[in-house]
Amino acid sequence: MSPHGAPECGGGRTVRRRAVRSLRVAILLAAVGASLHAQPAESRTARVERAEAAARRGDRAAATRDANALLAEYRRGGSGWSARDHVAAGRAYLLVSSSDASAVRSALRAFDAGTAADSTFVEAALRASDLLLDKYNGPDAQVGYQAVLRRSPKHPWATLGLARVMEFSGQGDALAKAREAVELDARLVPAHLFIAKLHLEAERNDSALVAARKALAVDSSAIDAWAVVGAVAWVTGDSAGYRAARARAERLSPAPAAFYVTLSEAAARQRRYGDAERFAEQALAMDSLSVPALGAVGTNQLRTGDIAAGRARIERAFAIDPFNLWHKNTLDLLDVLGGFRTVRLGRFEFVATAREAEVLLPYLAPLLEEAYDKLAARYDYRPAAPIRLEIYQRHADFSVRTVGLTGLGALGVSFGRVLAMDAPSARDPGTFNWGSTAWHELAHTFTLGLSANRVPRWFSEGASVLEERRARRGWGAEATGAYLSALRANFLRPVSQLNDGFVRPRNPMEVGLSYYHASLVCEMIESQFGAGALAAMLRGWRDGWTTEQVFARVLKTALPAFDTRFDAWVKAKFDGVQLAAEPAGDAAIAPIRDEVLAREVAKDDRGLADALERLLWIWPYDVASHVKLAEASARLGDHATAVRERRVILALGPTDVLGARVELARALLGAGDRAAARREVLGILEQAPTFEKAQLLLLDIRKAAPPGGAP
Amino acid sequence: MMRRGLAALLLSVVTASVLSAQRTHAVIITGLGGEPQYSTAFAAQGAALRTIARTQWRAADSSVIWLAEDAAKDPEQRAMRATKDAVAQAFLRLSQRVGPGDMVVVVLIGHGSGEGAGSRVNLPGVDPTAGDFAAWLSGFARQTVVFVAAASASGDFVTTLKGPNRIVLAATRTPFERNESRFSEHFVRGFQNAEADTDKDGRLTVLESFAYATRETAKVYETARQMLTEHAVVSDSVLAARVVYAAAVSSGDPRVVALVAERKALEEQLEALRKRKETLPPAEYEAELERLLLAIAEKTAAIRAAGGTP
C-alpha cells in the first residue's frame with residue numbers, strides 16, 4: 001500500500017449521495033430567501049469563464065483570485081443559488097483544486113446541487129460526469145451521460161461523454177461515437193479535439209491534423225488544437241510547421257503549458273523519452289502546478305532510469321491530484337521497487353527481488369553480456385553502460401511500470417537503456433521464454449539507441465525478433481499456419497504500412513503476425529543488401545531521414561518498389577510450404593521434458609544437459625531439474641555449471657538446506673575451489689557439527705590439501 | 001557377500017546396543033474420508049505411521065494402536081475400527097501400559113469441524129470431541145504427550161489440549177480454516193526422508209517434524225499458486241524443540257561408549273568456542289573451528305569403524 005493514500009476516484013457515488021442529503025436541508029433553509037440572494041446567473045457564469053480564460057492563458061494567480069471571490073459568495077449563501085450558479089461554483093472549485101484537492105469533492109457537490117436545483121439543467125449533470133471521468137470513475141460518469149441521453153437522445157455533449165467513457169474503458173468504438181457527437185454538433189470543439197487526440201495516439205497524423213483544423217475552424221484560440229498541430233509537425237519532422245504552431249500557441253497564452261504536455265505525450269509515443277521529458281519540463285517551467293506536466297516529467301525520468309527524480313515528480317503530482325490513478329499506481333510500484341535488490345554485473349544493472357536475482361542472474365547476466373557483444377558487433381554500436389533491467393515477479397507491477405495501469409499483455413519493454421520484463425514466475429510455466437524475451441528487449445536498446453529513438457516500431461520489433469532467432473536454436477517466432485494463411489490471403493501489410501500492423505491492428509491477431517512479418521523484412525534486407533544494411537538504416541533514421549529517404553538512400557530503392565520486392569521474396573520463401581504441425585514455440589515445456597526423460601534413459605549426459613539448459617529458460621524454479629543438471633554437469637566434468645546449479649538450488653529454498661550446501665561444497669571441490677569448499681563445509685558443520693555427510697566431505701577436503709598447504 | 005556383511009553389521013549394532021528406559025507409544029486414528037480419494041489417503045498415512053512408529057520411534061508392536069475408518073482393509077488385520085468407544089478403550093488400555101517418562105504420540109487424521117472443546121474429527125459413528133480427548137489424556141500426566149491434530153478446522157484442539165509436558169500440533173490456526181488440509185500428508189513424509197532433520201544430528205525433534213510439514217504444506221499451495229488456507233500451529237515450541245520421537249540408543253560396547261564420550265567432549269568444546277566467536281579474531285576462530293570439526297569427524301569415523309552408531 002502506498003503511503004500516499006488511496007485515490008478516491010471510486011467514491012463518487014458516496015460523495016454524491018452525501019451531497020444530495022445535505023442539499024435537502026440546504027434547499028429548505030434557502031427556499032424562503034432564495035430570491036433575495038439571487039443575482040443574475042449569467043454574471044456568475046461569466047465570472048467563472050473569465051477565471052477559466054485566465055487559467056488557459058497561464059495566469060493562475062488571476063484565475064485563483066477570481067474563483068476564490070466567487071466561492072466566498074457561494075460559501076456564504078450559495079445554497080439558494082440557481083442551478084446555473086451552482087455549476088459556476090463547481091467550475092470555480094475546479095480552478096482552485098490544484099492547491100486544494102478537497103475542492104474536487106466540493107465541485108462535485110456543487111454540480112449535484114445544480115441538478116437538484118433544476119433537473120432540466122443538464123449541464124450540471126454533464127459537468128459532474130465529466131469530472132467523474134476526469135477522476136477515473138468511468139462507470140459513474142457513464143451513468144450520468146446515459147441519464148442525460150435518456151432525456152435528450154441527441155445531446156452532443158453527452159454523446160461525446162460516452163465516447164470518452166469508451167476510450168477510458170477500452171470498450172466500444174470511441175472514435176465512431178465521437179464522430180456521432182460531431183454530426184450532432186459540428187461546432188463542438190471538444191469533440192474535434194478528442195477525435196484529433198485519438199488519431200494522434202494511433203499515429204494517424206494526417207487524420208489528427210484534419211480534426212485539429214476543424215476545431216480551429218470553430219475556435220482559433222483552442223490551444224489544445226494548436227498543440228495537436230504542433231505535435232504532428234514535430235513527429236513528422238516538419239520543423240517550420242512546428243514553429244508556426246508553437247508561435248500561435250504562445251500568442252494565445254504566454255505560457256502554453258498544455259501545448260508542451262501534448263508534445264511530450266507525442267514524443268513518448270514515438271519512444272523519444274528524452275524529448276518527452278524535455279517538453280514536459282518546458283510545460284512545468286510555465287506552470288509548476290500542472291499535474292500532467294509533473295506526471296510526464298516523472299514518468300519519462302523513470303523510463304530513462306532517473307528513478308529518484310522521477311519519483312519526486314510523481315509524488316508532487318499526486319500531492320496535487322490524489323485522484324490520479326496512473327500516479328497512484330506508479331508510486332505503489334516504486335514502493336515495491338524499493339524492496340528489490342539492485343545488482344551491478346558487468347554492463348548491466350539488474351533490479352529484482354533477492355530471490356529472483358539469485359535464481360535468474362546466474363543465467364541472465366552471461367546471456368546478456370553475450371547478447372551485448374554480438375549486437376554491438378552487428379550494429380557497430382555500443383550503448384553506454386549500465387543498462388538497467390527490472391524484473392517483476394508480479395505481472396501487474398510490470399504492467400504498471402510500462403503503461404501505468406494493469407492489464408498489459410506484453411512480456412517485456414525497452415525504454416532504451418532501461419528494460420523491464422516479467423520474471424518467469426509472473427506467468428504460468430510454459431507461457432514464455434524469459435531468455436529470448438530478455439534478448440529481444442536488449443536488441444531494442446541497440447536499435448533505439450543507434451537511431452536516437454527514431455526507428456519506426458515495425459523495424460525495431462522486426463530486428464528484435466530476428467535477433468531472438470539468431471540467439472539460440474528454437475528461440476524467436478517461426479512461421480505458423482496463421483501466418484501462412486494471412487500471407488497467402490494478402491492480409492499482411494506492405495512494408496510501407498507495416499507500422500499500422502502494430503499501432504492499428506485490424507484484428508487481435510495482426511500484431512503477433514506483424515512481429516514475425518517485420519522480422520522477415522529485416523532478414524530479407526540483411527540477406528539482399530548486406531550485413532551492415534540494418535545498422536545503416538538505423539543511422540539514417542538517427543539523422544532525421546524519413547522512412548522513404550532511408551530506403552532510397554541506404555537500400556537505393558523506393559519504398560513502393562521495395563514493397564513489391566519484399567512481397568515477391570516472402571511469397572517465394574514460403575511457396576508451397578505446408579506445415580506438418582504448428583511450431584511448438586520457444587516456451588513449450590512438454591517436448592523438452594520428454595527429451596530430458598529420453599536422454600536420462602539413454603544416459604546421454606551431454607544431450608541431457610543441453611535439454612535441461614533449454615528447459616531452464618522457460619521455467620527455472622524446478623529444483624529437480626537443477627539437481628539433474630548439476631549431476632549431469634559434474635559427470636561431464638563441467639564443474640562450473642555444477643557449481644552454478646548448486647547455488648541456484650540453494651536460492652530456490654530447498655527443504656534440506658544443509659544437504660544442498662554439502663552438495664555445493666562438493667561441487668566447489670570438484671571445480672578445484674578447495675578454499676570455497678572448505679569455507680562452505682565449515683559453515684555447515686558450525687551449525688550442524690554431527691552432520692556425517694559434511695564431516696566426510698571435510699575429511700576429503702583435508703585430503704585434497706596441497707602438501708604443506710592449509711589443513 | 002556384501003549383503004551378508006551388512007547383515008552381520010546390523011546384528012552387531014542390535015546386540016551391542018541397549019534401548020533407553022524411555023519408551024514410545026503411538027495411537028494413530030484415521031477418520032472418515034468421505035470420498036474414496038481421502039479414505040485411501042488417510043489409510044495410507046495411517047499404515048505408514050504405524051511402520052514409522054515401529055521402526056523409527058522404536059515402539060513395541062503392542063504399543064502401536066491404529067484405529068481406522070475401515071479396519072478390514074488393514075493388510076495386517078491389526079487395526080481397529082475408529083469408533084468413539086474404540087478410541088476411549090485404546091487410551092484406557094494404553095494408560096495401563098505406560099511408565100513414568102514414557103512418550104505417547106497421538107496422531108489424528110481426517111476432516112475436522114466444530115469449535116472450542118467441541119472441535120471434532122469425523123469418525124465412524126459419534127465423533128469424539130477435543131474435550132473427550134482431553135479427558136482421555138488426563139491419564140497420562142507422567143508421560144510426555146505429543147498430540148497431532150492433522151485435520152481441517154483443528155485449531156481449537158491446541159487450546160483445549162495444551163498443558164504441562166504436552167505438545168499439541170494442529171494443522172490449522174483456527175477452527176475456521178475448513179478447507180481440505182494437506183498437513184497430514186507432509187507430517188508423515190517428514191519421517192520418510194532425511195530432509196526434516198534440519199540440524200542433521202540424526203534425531204528428529206517434534207519441532208523439526210512440525211516445521212517440515214508446515215513448510216512443505218505451504219509449498220504445495222505456492223506451487224499451485226493458491227492462497228494458503230491452512231496455517232499449522234504448535235502449542236509449545238520450546239518443549240517441541242527438545243522432544244524427540246525416539247529416545248537415543250546407547251551402545252553396550254565400551255570402545256564405542258568411550259568414543260562417543262570423547263566426541264561429546266569435543267562437541268562441548270565446539271559449543272564453548274561458538275559462544276566466544278564474537279570475541280576472537282576471525283582467523284583464530286576459523287582455525288580452531290576447523291581443528292575441532294576435524295576431530296569430531298574423525299571420532300565419528302572411529303565410532304563407525306568400531307561398529308557404533310554415531
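Remember, predicted model here, so these are calculated numbers, not experimental data. Each chain gets a letter, A, B and so on, in the order its sequence line appears, and its residues count up from 1.
By the 6.0 Å contact criterion, CZ on B/Arg255 is open, its count of non-hydrogen atoms from other residues, nucleotides or ligands being 12 or less. Within 6.0 Å of the CZ atom in B/Arg203, the count of heavy atoms belonging to other residues, nucleotides or ligands does not exceed 12.
A heavy-atom distance below 4.5 Å is found between the side chains of B/Tyr285 and A/Glu686. At least one side-chain heavy atom of A/Leu698 sits under 4.5 Å from a side-chain heavy atom of B/Leu294.
Rounding to the nearest 0.5 Å places CG of B/Asp197 at 9.0 Å from CG of A/Leu658. Remark: B/Asn193 CG to A/Thr655 OG1 distance equals 8.0 Å, nearest 0.5 Å. Here CG of B/Leu266 is found 13.0 Å from OG1 of A/Thr690. Values are rounded to the nearest 0.5 Å. Between the CG atom of B/Leu293 and the CZ atom of A/Arg702 there is a distance of 11.5 Å, given to the nearest 0.5 Å.
Interface check for chain A: of the options B/Arg215, B/Glu216, B/Arg225, the most heavy-atom pairs under 4.5 Å are formed by B/Arg225. Note: B/Glu298 leads B/Lys299, B/Glu298, B/Glu267 in heavy-atom pairs under 4.5 Å with chain A. Ranked by non-hydrogen atom pairs under 4.5 Å with chain B, the options A/Pro429, A/Ala688, A/Gly659 are led by A/Ala688.
The minimum heavy-atom distance between B/Arg274 and A/Pro689, with the atom names listed, is NH1-CD, 4.3 Å. Considering all non-hydrogen atoms of both residues, A/Gln695 and B/Arg263 come closest at NE2-NH1, 4.4 Å.
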Should B/Lys200 and A/Val662 be marked as a side chain to side chain contact (heavy atoms under 4.5 Å, CB included) after you check the CA-CA gap, both sets of side-chain angles, and the distance that decides it?
CA-CA 12 Å; B/Lys200 305 295 176 192; A/Val662 167; over 6 Å; no
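With a threshold of 4.5 angstrom between heavy atoms, B/Ile296 approaches chain A through its backbone and through its side chain. In this structure, the portion of A/Gln687 lying under 4.5 Å from any heavy atom of chain B is its backbone and not its side chain.
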